[in-house]
Structure formats: C-alpha cells, structure tokens
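The model shown is predicted, which means the values in this text are computed figures rather than measured ones. Order of the sequence lines sets the chain letters (A, B, ...), proteins ahead of strands, with each chain counted from 1. In what follows, every heavy atom counts, from backbone to side chain, and hydrogens, waters and symmetry copies are set aside.
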Amino acid sequence: MAQTLALSPAELALRLGDDALILSHRLCEWCGRAPTLEVDLALSNIGLDLLGQAQFFLNYAGELDGNGRDADKLAYHREEHEFKNSLLAEQPNGDFARTMVRQFFFSAWQLLRFQELAASPDGTLAAIAAKALKEIAYHVQFAAEWVVRLGDGTAESKRRVAEGVIWSWRFVDELFTGEDAALRPAWEARVQATLAQAGLELPAPVRGITGGREGRHSEHLGHLLAEMQYVQRCHPNAQW
Amino acid sequence: MKNITPIWEVFVRAKNGLSHRHVGSVHAADARGAVEAARDVYTRRMEGVSLWVVPSNAITASDPGEAAALFAPAEDKIYRHPTFYVVPDNVKHI
C-alpha cells in the first residue's frame with residue numbers, strides 16, 4: 001500500500017473531504033427540481049451520504065492540521081484556491097443525464113479509491129473508507145442504471161447522456177494522477193461495461209483538464225462557494 | 001407529453017418475522033428502478049429490511065359497488081371473532 005502513503009494523511013483527507021463536500025452541494029442543488037419526487041429524494045440521499053463523508057474527512061484533516069479547525073471551519077472559512085476537490089466534482093449539474101454521468105464517473109472512481117483506502121495503515125482514514133463503501137456501492141449502481149436507462153431510452157435521452165459523457169470525460173484524467181494512476185484500468189473496464197450496455201462508447205482520449213487538486217479551479221467553484229458559504233460569510237460563526 | 005412512467009405499489013418488511021406491508025407507491029420505468037425509488041422514498045429512516053414492488057396495474061381491486069354484498073354480511077357475525085382466549089403479553093403483532 002505504498003501508493004496510499006505518497007500523500008500525507010492530512011492532504012488526502014482534505015482532497016477526499018472536499019470532493020465529497022462539493023459534489024454533495026451540487027446534488028443538493030437538485031432538491032425540489034429533479035424530474036420526479038423519487039429521483040429528487042434519491043439525489044438528496046446521495047448528497048447527504050457524501051456530506052457525511054465530508055464531515056469525517058474534514059474533521060480529521062483539521063485535527064491533523066493542528067490549527068483548531070473543524071469540518072465547519074474548513075467548509076465555510078476557506079477561499080476557493082484552498083479547496084482541493086477534483087474539477088469533476090464542481091462541474092455544474094447541467095441536465096439530469098449529465099448529472100448522472102458525473103455521478104457514475106465519480107462514484108466508480110471513489111469505489112476503487114476507497115477500497116484501497118480501507119486497507120490504509122492510517123486507521124482513521126481506513127475506518128472512514130470502510131464505512132463509506134456501502135453507500136458508494138449503491139451510488140455506483142444507481143448512477144450506472146440511469147446511464148443505461150437513458151442511453152437505451154429515446155433518441156433525446158441518448159443524445160443527452162452522450163453529451164454528458166463528453167462533458168465529464170475531460171475531467172477524468174485528474175482522478176488518476178499520481179498515485180491513483182494504477183486504478184485507471186479497473187475504472188475504465190467498469191465504465192466501458194456500463195456504456196456498452198447503454199449503447200455508448202468510451203470516448204477517445206482527450207487532453208484532460210487538471211488543477212483542482214492544487215487549488216486551481218474552474219470558474220464554477222467560486223459561484224458554488226458564494227452560495228454555500230453565504231450565511232457564514234455574513235454572520236461569522238453563527239450557530240443554530 | 002403523456003406521462004407513461006408506470007406506477008408501482010411498494011411493500012416494506014419492517015423486520016424479519018413480520019410480513020410486508022403496503023406503504024405507498026412510486027413511479028419508475030422498470031422493476032429495478034422501482035426498487036431503488038422505493039428504497040430512497042420509503043426506507044431512508046431505517047423503516048425496513050426488505051422491499052417488494054408490484055406493478056399497480058397487476059392489482060385487481062374489489063368493486064366499491066359490490067361493497068355491500070362483499071363486506072356487510074360480516075357485520076353481525078361477532079361469533080367469528082376469537083375472543084375466548086387471552087393473548088400472552090409477549091406475543092406481539094397479532
């Protein structure tokens with residue numbers, strides 16, 4: 001497990017926590033707007049699962065960091081460039097098809113990443129990963145089934161899901177940089193199997209866009225944080 | 001556009017040993033999706049350990065117009081109620 005040791009536990013906890021926090025916020029943007037009540041609840045459920053993961057990771061990151069910051073402090077009192085989430089997680093929802101593709105790509109990556117993390121010598125990270133794996137297995141299944149349903153549906157749903165694949169594909173490289181490169185073949189096999197069921201193909205390689213892990217984000221993150229951090233920015237340390 | 005997403009009736013088993021009970025319905029395009037929708041809508045607060053979904057159009061209902069013929073005759077047959085024994089305290093769910 002030398003691969004999981006390449007990053008410090010603090011940095012790893014921050015990255016994984018930010019991934020979960022930012023994607024959780026994106027999913028909650030669907031609340032009240034999803035195509036059906038059933039899907040609305042499903043997206044909020046997944047969002048809340050991710051928020052739970054974020055809380056564990058960020059509390060731990062704050063503890064290791066030693067500056068007395070907890071998950072709330074890290075979530076609400078950091079600037080854009082201090083966030084270490086992947087660019088995929090912060091991408092706008094687009095339509096439902098794109099949201100499902102983003103979720104499938106992300107959750108399929110998370111599943112592999114957390115399986116490895118569950119065997120980490122860092123007991124806390126391993127425990128968080130082990131707890132989250134059951135949730136993630138459902139997220140992958142849920143998103144994959146929607147990708148198939150839409151790809152195998154009408155001409156319009158197929159067009160939309162194909163566009164979602166193209167949109168999200170540019171941000172895949174970033175998930176497999178550095179020590180995560182070894183996970184890519186298993187991820188591509190999983191994704192290819194689902195896309196084939198959906199009547200879609202794995203896109204040709206493109207020049208991936210990276211930077212989120214170093215704090216260089218797309219324009220979208222600033223807007224997301226403006227909304228997410230609004231109350232704490234207006235009323236610092238407000239509680240309820 | 002016509003809404004053609006089928007409706008499914010949802011049954012939840014609260015815990016092992018109990019029977020599945022009807023809790024409501026969901027919209028879903030297929031059976032798999034119906035199970036997932038039911039999971040997300042009806043079991044998010046640990047309400048169950050097992051789910052059934054049944055296409056609503058597979059259910060044959062009794063005719064309200066026949067209600068009198070079907071149910072009224074039972075009204076005055078109180079001797080059908082087994083009231084002559086005591087249910088032990090430990091026996092639940094009867």
- Query: Does a sphere of radius 6.0 Å around CZ in Arg21(B) hold more than 12 heavy atoms from other residues, nucleotides or ligands, not counting ones at 6.0 Å or beyond?
  - Reply: no

- Item | Side-chain (Glu38(A)) to main-chain (His27(B)) donor-acceptor, under 3.5 angstrom | yes

- Query: What's the spacing between Arg32(B) CZ and Phe142(A) CZ if we round to 0.5 Å?
  - Reply: 11.5 Å

- Lys134(A), NZ: over 12 other non-hydrogen atoms inside 6.0 angstrom: no

- Heavy-atom distance under 4.5 Å between the side chains of Asp30(B) and Arg149(A), does that happen here? yes

- Query: Would the number of heavy atoms belonging to other residues, nucleotides or ligands and lying under 6.0 Å from CD1 of Ile78(B) be above 12?
  - Reply: no

- Message: Between Tyr138(A) and Asp40(B), does the side-chain contact (heavy atoms from CB on, under 4.5 Å) criterion hold? Intermediate values first, please.
- Response: CA-CA 11 Å; Tyr138(A) 182 75; Asp40(B) 285 319; 3.1 Å; yes

- Query: After noting the C-alpha distance and the side-chain angles of Thr36(A) and Thr5(B), does the key distance pass the side-chain contact (heavy atoms from CB on, under 4.5 Å) rule?
  - Reply: CA-CA 10 Å; Thr36(A) 65; Thr5(B) 310; over 6 Å; no

- Message: Quick check on Glu47(B): does its CD atom have over 12 non-hydrogen neighbours (other residues, nucleotides or ligands) under 6.0 Å away?
- Response: yes

- Message: With a sphere of 6.0 Å drawn around CH2 of Trp52(B), does it hold more than 12 non-hydrogen atoms of other residues, nucleotides or ligands?
- Response: no

- Task: First locate atom CG of Leu41(A), then atom CZ of Arg39(B), and finally report the distance between them rounded to the nearest 0.5 Å.
- Result: 11.0 Å

